[in-house]
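So you know, we letter chains A, B, ... as the sequences are listed, proteins then strands, and number each from 1.
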Amino acid sequence: MGSAEVDKHTPPSDKHKEKSKEKEKKHDKEDRKHGREDRKQSKEDKKMDKEEKKKGKEKVKDKDDKASFFEVKNEPLSEDDEMPLASRSYSQTSQDSEDDDQPLAFRKKVKAEKPVKRKAEDMAIDDEEDYAASKKKNKKVKEEKKEKPDKKQATPNGASPTKRVKKEKKEEEETWKWWEEEKHEDGVKWKSLEHKGPVFATDYEPLPGNVKFKYNGKEMKLSAAAEEVGSFYAAMLDHDYVTKDVFNKNFFKDWRKFMTHSEKEIITDLKKCDFTHMLTYFKAKSEEKKNRTKEEKQQLKVENEEIVKEYGWCIIDGHKQRIGNFKIEPPGLFRGRGDHPKMGMVKRRVMPEDVIINCSKGTAAKPPAGHKWKEVRHDNTVTWLASWTENVQGQVKYIMLNSASRLKGEKDWQKYEIARQLKDSVEKIRETYKEDWKSKEMKIRQRSVALYFIDKLALRAGNEKDEDQADTVGACSLRVEHISLHEQKNGKQCVVVFDFLGKDSIRYYNEVPVEKRVFKNLQIFMENKKPGDDLFDRLNTTIMNKHLNDLMEGLTAKVFRTFNASNTLQEQLDSLTDPKSSVTEKILAYNRANRAVAILCNHQRAVPKTFAKSMENLQKKIDSKREAIEEAEESYKDLKKEAKKGGSAAAKIAAGKKEKQVEKLKEQLMKLEVQATDREENKEIALGTSKLNYLDPRISVAWCKKNNVPIEKIYNKTQRDKFQWAIDMAGPEFEF
DNA sequence: TTGCGGACTTAGGAACTTCGTA
DNA sequence: TACGAAGTTCCTAAGTCCGCAA
């Protein structure tokens, strides 16, 4: 393909395509070389085959019978398969049957402006019918419950009947055993859904007259709109964000859109803006808030509870369920993470006219007075109750149910079931991708190496990203600059050093010894590429997931993370738990197992600001506890002597008491030491994410039951609510 | 067939609440 | 009772993945 032709498709301003063009030329060379390289490689492969066979005959023993399970497609390898796309006619693009093997960079796009679209849906089943059906079912469930009175519900304390009814009602909400009920048919998420709509952000309250904004040293009264947006910035003055150029630039550009004509003429430079008075005012207000009296705080709490009572719940299929986020996001400045090109842009106020309500027919909540909903929809194939499109990134935002709800719980349960299924197939899948390391097709080799990373390192899939998002990557989108290869490093061979930013721009750094064949493949993938080029130029997540789904129904890249996380927890718990140890020690073992998973999944957190100080305090406590033990032991010795000398009964009692005190102090010291170890090991690791999203709760529940550890020690109230299904169904014998 | 957008899960930090100790 | 630390909840950005329209 001539470059002139490329130019036709490549506006000079388009960075991606520019990059692609370079890649294209490079691939041309590269792939011609790959042709040679592949031949060279087959020799190399044979050599490695021999080595492998020597090393682990028993490992491959059952390979033959497994091979049929996940058959590698025996595609005839046409010359074109290995031919760089760049050397084919580019204009045919998608029509090209060989497009599969095209360096995928060509397909990258810069997001086009979204047209306003609307699905006309009306899929909800007739309300009356639904309600009748679901009520009938619920009645049955309730009756069953009546027969088996809950121990907790017995109120010997003589609670008033209304109180008791309330409590019973609450119990019922908490114990809807949806996991014992029949599932909805495929695609149907609910039969009836009723809610009060979202809560909107409070209106802007203009600043008091004495709070001044200054421009170029002079006081200036801002229009309401300009003041509101300016105050978003003022409130963030102490934050790291305002030290970033992109943030300031984006804010200022957007802020000007809210200014009057004359304000625009005057305010032309952000550096000349003085928001400090505004910030002082906000700080004083928040201080005021902190210093409210007990009564005021109580009053506020009651008011909030009222709001939750009215808007925080919905009735779905006849059951009352908590809504996760019933408040519409308030306006403010966009806080993109990492180097997000849109940070600082104004997130505008969402109005009822922006909001789509989803519910059963005839049950739509009224919009706030004087307003209309954008639309009322009755789509029971989705789980959201309301949605709107946010202005900064054009994404749809949703109001959805709480994680303790059936809708979320059922999905969660299903997720872990698929992960358990993978456990049964993973060995065969591993064999398959190891075979694929030798494939003649570059695309298959790349896929198999990427899958190896996903499996071994629990990397995320790595979807392609637009230019207007932070530059982060996952397995499929790794670039050459993100890895370095070392034949030898720290006494280990074939080491790959990963260094890239993953989700939320969290750094992933890992030095990993890999199999020789992977190492060789990586060398090939990197040949003649620039640091900014895709490592796997013939791969994306769609290709990967398509392949995975062929290997096992429902399998996607994400499942490996869930599987590896849960499997690690199970293994770690099995090896770290000493049945004879104390509950405190068992919990330390659990946290260590949890930590192993968090490390695997790279769940990091910033070191808490107060960490050093709190460690220091803890150390002081430990020291003084040691001193106390020494003293107690001394006096115990004396008392024992006295008692032995033929002391009084009182002396003997005193000695006995002291002995117990020493024991108690020692136990307290042990707890403090365990706490210190735990805290130190946890400094930069976030345990919550894996606990909430990756660890099959049945493993934890079974472990608690088996080891007599109260579940409250592992899961707090919210977590117990979320995992109620697992707590109910998993016995001590459960194995992931 | 594929690019795109919608739906949903996963994520870390901020804000708020509770707990423990002096 | 006050204060700081720890624990919990809230918030919303940033991922994954799938289905549908062009």
*Select one nucleotide: of dC11(C), dT9(B), dT12(C), the one nearest the side-chain heavy atoms of Met400(A).*
dT9(B)
*dT1(C) C1' sits how many Å from Asn291(A) CG, rounded?*
14 Å
*Hey, is the side chain of His340(A) poking within less than 4.0 Å of OP1 or OP2 on dA13(C), counting only N and O atoms?*
no
*How would you label the contact of Ala470(A) with the nucleic acid (heavy atoms, under 4.0 Å): base, sugar-phosphate, or nothing?*
nothing
*Is the distance from OP1 or OP2 of dA7(B) to the nearest side-chain N or O of Lys189(A) less than 4.0 Å?*
no
*asked:* Would you say the ring centers of Tyr509(A) and Phe498(A) fall short of 6.0 Å from each other?
replied: no
*Phosphate OP1/OP2 of dG6(B): any Gln395(A) side-chain N/O under 4.0 Å*: no
_I need the CZ-P distance between Phe282(A) and dA15(B), as an integer number of Å._
14 Å
*Relative to the ring of Trp413(A), is the ring of Trp178(A) parallel (under 30°), tilted (30 to 60°) or perpendicular (over 60°)?*
tilted
*With nearest nucleotides of DNA chain B determined for Asn304(A) and Thr383(A) from heavy-atom distances, which residue corresponds to the more 5′ nucleotide?*
Thr383(A)
*Distance test, side-chain N/O of Asn463(A) to OP1/OP2 of dG15(C), below 4.0 Å*: no
*When you match His603(A) and Lys301(A) each to their closest nucleotide on DNA chain B, which lands nearer the 5' end?*
His603(A)
*Base, sugar-phosphate, or nothing for Gly474(A), non-hydrogen atoms under 4.0 angstrom?*
nothing
*Apply side chain to side chain donor-acceptor pair (under 3.5 Å) to Ser690(A) and Asn594(A), showing your working.*
CA-CA 8 Å; Ser690(A) 50; Asn594(A) 191 168; 3.1 Å; yes
*Length of the NZ-P vector between Lys691(A) and dT9(C), whole Å*: 12 Å
*Asn325(A), nearest nucleotide to its side chain (from dC17(C), dT12(C), dG15(C))*: dT12(C)
*asked:* Pick the closest DNA chain C nucleotide for Thr542(A) and for Pro330(A) by heavy atoms, then say which residue is nearer the 5' end.
replied: Pro330(A)
*Phosphate oxygens OP1/OP2 of dA11(B): is one of them under 4.0 Å from a side-chain N or O of Tyr694(A)?*
yes
*Do the side chain of Arg561(A) and the main chain of Lys558(A) share a donor and acceptor less than 3.5 angstrom apart?*
no
*Do the side-chain N or O atoms of Lys465(A) get closer than 4.0 angstrom to the phosphate oxygens (OP1, OP2) of dG15(C)?*
yes
*Among Lys347(A), Lys342(A), His340(A), find the one that has a side-chain hydrogen bond (donor to acceptor under 3.5 Å, both in side chains) with Gln393(A).*
His340(A)
*Please state whether the phosphate of dT9(B), meaning OP1 or OP2, lies under 4.0 angstrom from any side-chain nitrogen or oxygen of Asn693(A).*
no
_In this structure, how many angstroms lie between the C1' atom of dG15(C) and the CG atom of Asp504(A), rounded?_
8 Å
*Given dC10(C), dG6(B), dC8(B), the nucleotide with the shortest approach to the side chain of Arg322(A)*: dC10(C)
*asked:* Any side-chain N or O of Thr556(A) below 4.0 angstrom from OP1/OP2 of dC17(C)?
replied: yes
*asked:* OP1 or OP2 of dC8(B) versus the side-chain N and O atoms of Lys411(A): is any pair under 4.0 Å?
replied: no
*How close or far is atom P of dG12(B) from atom CG of Leu692(A), stated in whole angstroms?*
12 Å
*So what does Gly688(A) touch, heavy atoms closer than 4.0 Å: a base, only the sugar-phosphate, or nothing?*
nothing
*Starting from the C-alpha separation in whole Å, work towards a yes-or-no answer on salt bridge (Lys or Arg N to Asp or Glu O under 4.0 Å) for Lys196(A) and Glu310(A).*
CA-CA 7 Å; Lys196(A) 285 287 205 123; Glu310(A) 185 168 3; 3.2 Å; yes
*OP1 or OP2 of dG15(C) less than 4.0 angstrom from a side-chain nitrogen or oxygen of Arg337(A), does that happen here?*
no
*Can a side chain N or O of Lys347(A) be found less than 4.0 Å away from OP1 or OP2 on dA13(C)?*
yes
*Answer yes or no: does a side-chain N or O of Arg507(A) lie under 4.0 Å from OP1 or OP2 of dG12(B)?*
no
_For atom CG of Asp471(A) and atom P of dG15(C), their distance in whole Å_ = 10 Å
_Could you tell me how far apart Ile399(A) (CD1) and dA7(B) (P) are, to the nearest whole angstrom?_
14 Å
*Using the closest heavy atom to pick a nucleotide of DNA chain C for each, name whichever of Gln719(A) or Gly336(A) lands nearer the 5' end.*
Gln719(A)
*Side chain of Asn716(A) only, please: which of dC17(C), dA14(C), dT9(C) is the nearest?*
dT9(C)
*Between Arg698(A) and Asp696(A), is there a side-chain N and carboxylate O pair less than 4.0 Å apart?*
yes
*Nearest whole angstrom, please: distance from the P of dT18(B) to the NZ of Lys717(A).*
14 Å
*At under 4.0 Å between heavy atoms, what does Lys290(A) touch on the DNA or RNA strands: base, sugar-phosphate, or nothing?*
nothing
*Does Thr472(A) make a side-chain N or O approach to OP1 or OP2 of dG15(C) shorter than 4.0 Å?*
yes
*Within the pair Lys397(A) and dA13(C), is there a side-chain N or O less than 4.0 Å away from OP1 or OP2?*
yes
*asked:* Within the 4.0 Å heavy-atom criterion, would you say Gln604(A) contacts the bases, only the backbone, or no part of the nucleic acid?
replied: sugar-phosphate
*Do Lys558(A) and dT16(C) share a donor-acceptor pair, side chain to base, under 3.5 Å?*
no
*Taking the six-membered ring of Phe282(A), is NZ or CZ of Lys285(A) closer than 6.0 Å to its centre and within 45° of its axis?*
no
